[in-house]
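Notes to accompany the following structure.
Remember, it's 1-based here, ligands and their atoms both numbered in the order they're listed.
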Amino acid sequence: MTVKVRFAPSPTGFLHIGNIRTALITWLFARNNNGHYLLRIDDTDKERSREECVDDIRESLTWLGMDWDAFARQRDRQADYDKRIAQLKADGRLYPCYETEEELALNRKVLLNRGLPPIYDRAALKLTDEQKAKFEVEGRTPHWRFKLNHTPIIWDDMIRGHAEFQGGDLSDPVLIREDGSPLYHLCSVIDDIDFGITHVVRGEDHVTNTATHVQMFEALGAKPPTFAHLPLLSDKEGGKLSKRLGALSIRDLREQEGIEPMAICSLLARLGTSQPIEAIADIKTLSNTFSFSHFSRSTPKFDSDEILRLNAKLVHDMDFAMAKPKLEKMGLKDIDETFWNVVRPNLERVTDIKDWWQVAKGPVTPVIADKGFISEALTMLPPEPWTSETWQAWTNALKEKTGRKGKELFMPLRQALTGMDHGPEMPVLLPLIGPEKTKERLKAA
Ligand code: GLU
């Protein structure tokens, strides 16, 4: 059996960490199984769907290194839905309902007040043809509900294990709106059947939906796929992540300079699993090591600082061949391998290198706190050629001469040479700045 999966976002907002995690885990599972990955746009809600969000979905997936084998949009599939709808109506599994929103809300309230679950009472099933005709004359058009069988619904979830619902505990879901348009639930099940989806991976907020979907698959004569419901992420404090979604859209991360896509993938692939979260530079390594057996049912905590930590680690480990195209894109094509290797342990993002390039090549504005000491230092510069030993020789001599030590000795030199009070190790930076620029900067005193 070829594994066939889909990632099915609704283009009603920009992709955020939560849905990208679903996209990634689904993708890793597909690639691990030499499977097929469908990108499906769930755009049945015509009012809320936006083209810029469809673009964002494609761009974000591509940026993160995920490709797809097929692409589909629900809005293009109305004819396929119509056929199945006709079948379900003929079989009596879809029935027309005429209640207004207000009537339904009131019914729910009455049930809740009586301490009962707000399950739809199926009043519409009892309507006679005359009553229905009367509603139609009044100008009411029906919405349509799926008639659930009141039997146990059972599946073996790849993450949750044994899952069981009773059909009688659930409301018959509305599958067709008053304007005749089908809802996500029905479209999704029909798509999953037509595209031969073997595994459905999604957030656990869909578990109850899945119970009704299982019966829809069966009503349409299909075997339900295997399901995996991922626990939703919480924030650091265990609260709902959605509160801070603004800050967590992939688009925001993409637009921030120097965030490595693999920092995001490294975190999201392993969060909530028994595998270690580590900086992994190649998405293939993640897919090769992927298995649903590593996933736990508990709520993983998402901390965006982890992305920055992994980002820094990826940069520290990045070899020059990998960094080169990124540097060129930043317009820094003169940076060579030596410079990269010296500076990279100090970078949290590749883009930070701009500052260090500036420090080495100038111009910099030296900070001169102690003119006397700096002029003294100028006279004591060691002979050329300069090596990684030069700094030590220079500062040792200065220590002896002036009696200064520690911060008092090093900081004025760093400030004079770089204009900053932190940065790469001076022993390595000094030869990069070189004798000529060093003298120039010290002379500014
Ligand atoms: N469009 C649905 C969502 O974004 C898809 C859920 C599913 O995977 O079936 O929640």
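In terms of modelled atom types and a separation under 3.5 Å, the side chain of Arg270 and the main chain of Pro276 share a donor-acceptor contact. Counting only distance, with no hydrogens or angles, the side chain of Thr273 and the backbone of Gln275 share a donor-acceptor pair below 3.5 Å. Side chain of Trp155 to backbone of Thr226: no donor-acceptor contact under 3.5 angstrom is found.
Under 4.0 Å is where a charged nitrogen must lie from a carboxylate oxygen, and between Lys313 and Asp317 at least one such pair does.
The aromatic rings of Phe29 and Phe292 are tilted relative to each other, their planes meeting at an angle between 30° and 60°.
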Short N or O contacts of ligand 1 with protein, under 3.5 Å, listed by atom name?
residue, atom, partner, partner atom, Å
ligand 1, 1 (N), Ala8, O, 2.8
ligand 1, 1 (N), Ser10, OG, 2.9
ligand 1, 1 (N), Asp42, OD2, 2.7
ligand 1, 8 (O), Arg6, NH1, 2.7
ligand 1, 9 (O), Arg6, NH2, 2.9
ligand 1, 9 (O), Tyr184, OH, 2.6
ligand 1, 9 (O), Arg202, NH1, 2.7
ligand 1, 10 (O), His206, NE2, 2.8

Test side chain to side chain contact (heavy atoms under 4.5 Å, CB included) on Asp69 and Lys4 and set out the steps.
-> CA-CA 10 Å; Asp69 305 301; Lys4 276 193 139 187; over 6 Å; no

